[in-house]
Amino acid sequence: MIEAMEQKIAHVVQESLPVIQIRHLYKSFGANQVLKNFSLDLIKGETMVVLGKSGSGKSVLIKCIIGLLKPDSGTISVFGKNIPDLDHDELDRVRAKVGFLFQSNALYDSMTVRENLEFPLRRHWIDLSKDEVFSLVSEALTNVGLADTLDMMPAELSGGMRKRIALARTLILKPEIILYDEPTTGLDPITGQEISSLMMELQKKYHTSSIIISHDMKCVKMVANRIAMLIDGTRYACDTYKALEASDDDRIKQFFK
Amino acid sequence: MKTNYLKDFLNDTGEVARFSVRFFKEAFKPRFETTEFLKQCFFIGYKSLPLVTTTAFIMGLVITMQSRPTLVEFGAEAWLPQMISLSLVREIAPVITALICAGKIGSGIGAELGSMKVTEQIDAMEVSGTNPFKFLVVTRILATTLLVPILAIIAGAVSLYGGYLGANIHGVVSWDLFWNQIFESLYYGDVVPSIIKTFFFGFTIGAIGCYMGFSSNKGTEGVGRSANSAVVISSLIVFIMDLIAVQIADVLKLT
Ligand SMILES: Nc1ncnc2c1ncn2[C@@H]1O[C@H](COP(=O)(O)OP(=O)(O)O)[C@@H](O)[C@H]1O
Ligand SMILES: [Mg+2]
């Protein structure tokens with residue numbers, strides 16, 4: 001079945017243009033050169049996992065994609081627009097179509113679950129009616145199986161529940177691309193598994209393309225169409241799970257133990 | 001080592017200045033975050049009003065009681081309302097209010113924004129089509145700049161009332177006489193500069209709190225440090241500004 005899926009993806013890959021195209025990306029903080037000539041393509045409908053050691057610059061990479069960090073040089077084209085060149089309004093229009101799941105969830109502590117979910121809606125789609133907002137919030141919560149947490153505060157939720165709410169908040173704008181920063185890190189294995197399946201399920205439901213940062217090889221195996229290895233600030237390798245697992249390069253092998 | 005401290009200090013000073021400039025640039029551009037601004041005003045008032053009024057009342061009472069014996073000795077007891085009104089309205093009320101707000105509001109802002117920074121909530125706002133500087137910083141600085149003067153005026157009134165009670169513990173001053181004397185002795189030159197300086201105090205408290213929060217680094221320790229520095233630095237600046245304000249008033253012959 002995986003073969004069939006891979007073939008299907010290969011077919012799609014040939015047909016369509018990349019939704020994200022990164023070329024020769026450089027980013028440093030002071031003397032710390034984090035990204036060195038990093039290039040990557042994300043094809044529509046694809047799930048790309050970025051694999052790399054802690055501190056290798058994976059978060060920096062996806063923060064550059066969403067425009068939270070400005071690269072030193074290189075281009076990041078999202079839906080054909082070069083992110084570093086965009087002004088605020090243009091950037092906001094791109095961001096409305098790109099979801100970002102933060103590693104620490106980034107739920108607003110001072111707001112209820114409902115207000116957390118309403119926040120991106122009211123900000124990006126200003127002219128929604130009250131009913132529309134409510135039905136979108138309910139839909140998002142039902143999607144992650146937490147319809148009854150509407151009026152709870154984030155502090156009252158467990159780690160897994162918070163991750164689900166964060167996922168719901170990311171999905172509420174029905175983004176075409178989602179960037180996940182270590183979605184299962186810090187969760188127990190069972191909850192991690194649940195989150196991975198949920199991501200897969202919603203991926204299919206809304207046909208999103210995604211970049212997932214992860215160390216969790218179980219999750220990677222489950223969700224990845226392709227894997228990009230980020231080593232020494234550059235894209236060391238990029239291939240399917242099977243191909244990389246079979247590699248005899250030591251630096252790749254150490255991830256698949 | 002010494003040069004390092006100096007360098008850090010100059011660096012921070014420059015950053016705070018840049019932060020304040022950015023505030024003025026962004027404060028007057030739409031979109032205006034009115035709801036968040038009103039929410040912040042409410043929180044500030046609600047959080048510090050009890051403490052500000054209690055402290056002001058006690059200060060008024062105590063200073064009056066302690067000034068009285070000296071004046072009695074010189075047979076100048078009748079001057080009591082004049083004397084306390086000058087010190088309470090011109091110095092005690094504004095400075096006490098500012099210090100309480102630095103401790104309660106400034107540290108609160110530093111801790112809140114610091115933890116938002118560390119847990120990526122500020123980044124999350126930015127990707128949700130919101131300018132976090134406008135939403136979080138501009139609203140808070142505006143709220144402190146507006147609310148500290150209001151609180152200081154209330155503190156002034158309450159401390160004078162405390163003074164009235166203080167004056168009546170051992171002597172007798174009628175309500176009408178007390179207030180008449182106070183209003184006779186207070187000139188615009190006393191009241192207006194003391195209100196003006198509280199705007200600066202309020203701005204400082206908001207700006208330093210926000211700056212410390214926004215520049216916190218990772219870890220909960222960073223958040224605690226932001227809150228702490230916000231209090232220490234803004235209190236210090238309040239005193240320095242007060243000193244400068246007195247000099248200016250002196251030069252302009254407002255005394
Ligand atoms: N805002 C920042 N300022 C300075 N250095 C940073 C910043 N963000 C990340 N770094 C540095 O960049 C490197 C990569 O960080 P990161 O992308 O968070 O790693 P990870 O791959 O674990 O997500 C680290 O050395 C980190 O210290
Ligand atoms: Mg990271």
Side-chain angles (χ1 to χ4, degrees), chain A residues 29 55 59-60 62-70 78 83 87-111 115-126 128 154-155 162 165-167 169-170 172-173 175 177-179 181-182 186, chain B residues 7 11 22 25-26 29-40 42-44 46-47 105 108-140 143 210 213-220 222-223 226-227:
Chain A
F29 297 99
S59 300
V60 170
I62 55 171
K63 282 185 178 168
C64 285
I65 297 176
I66 197 83
L68 284 171
L69 291 172
K70 219 175 168 68
V78 180
I83 296 294
D87 66 26
H88 258 287
D89 293 340
E90 293 170 318
L91 198 53
D92 274 347
R93 277 195 289 278
V94 173
R95 281 167 172 171
K97 294 192 282 181
V98 182
F100 195 113
L101 186 69
F102 288 89
Q103 184 171 355
S104 51
N105 300 328
L107 294 177
Y108 306 122
D109 293 326
S110 59
M111 302 183 195
E115 288 163 342
N116 262 284
L117 295 184
E118 284 177 351
F119 194 89
L121 278 180
R122 293 198 186 284
R123 293 278 154 175
H124 275 306
W125 300 344
I126 296 160
L128 283 179
R162 254 179 274 168
I165 299 297
L167 190 56
R169 190 178 68 181
T170 305
I172 201 160
L173 295 171
I177 301 174
I178 304 184
L179 311 172
D181 196 351
E182 308 202 13
Chain B
K7 212 169 143 192
N11 209 7
R22 184 164 172 208
K25 267 196 205 149
E26 303 222 9
K29 272 189 312 194
R31 93 197 231 185
F32 301 108
E33 307 285 358
T34 322
T35 323
E36 180 68 14
F37 166 70
L38 293 175
K39 209 162 116 188
Q40 288 308 318
F42 172 76
F43 278 137
I44 292 171
Y46 173 81
K47 273 206 283 192
I105 311 299
I109 291 175
E112 187 192 10
L113 297 196
S115 86
M116 290 187 79
K117 171 84 190 288
V118 168
T119 58
E120 301 177 302
Q121 290 173 53
I122 292 180
D123 285 343
M125 263 182 192
E126 186 157 0
V127 299
S128 295
T130 300
N131 177 345
F133 196 90
K134 262 195 159 67
F135 190 85
L136 298 170
V137 175
V138 171
T139 53
R140 279 164 179 74
C210 289
F214 252 55
S215 56
S216 359
N217 33 30
K218 278 231 182 283
T220 37
V223 175
S226 304

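Chain naming here is simple, since letters A, B, ... match the order of the sequence lines and numbering starts at 1 in each. If you're wondering where the values come from, they're calculated on a predicted model, not measured in any experiment.
In this structure, B/L113 and B/C210 have side chains that are in contact, with non-hydrogen atoms separated by less than 4.5 Å. Residues B/Q121 and A/F102 fail the side-chain proximity criterion, which asks for heavy atoms closer than 4.5 Å.
A cation-pi geometry, defined here as NZ or CZ lying under 6.0 Å from the six-membered ring centre and within 45° of its normal, does not hold between A/R123 and B/F135.
Formation of a donor-acceptor pair under 3.5 Å by the B/R140 side chain with backbone atoms of B/L136 is found in this model. No donor-acceptor pair under 3.5 Å is formed between the side chain of B/K47 and the backbone N or O of B/I105.
Heavy atoms of A/L121 lying under 4.5 Å from chain B are absent altogether. With a 4.5 Å cut-off on non-hydrogen atoms, A/R122 touches chain B through its backbone but not through its side chain.
No other option in A/H88, A/R95, A/R93 has as many heavy-atom pairs under 4.5 Å with chain B as A/R95. Heavy-atom pairs under 4.5 Å with chain A were tallied for B/I122, B/D123, B/T119; the largest tally goes to B/D123. Contacts with chain B were tallied for A/D92, A/T170, A/V98; A/D92 has the most, counting heavy-atom pairs under 4.5 Å.
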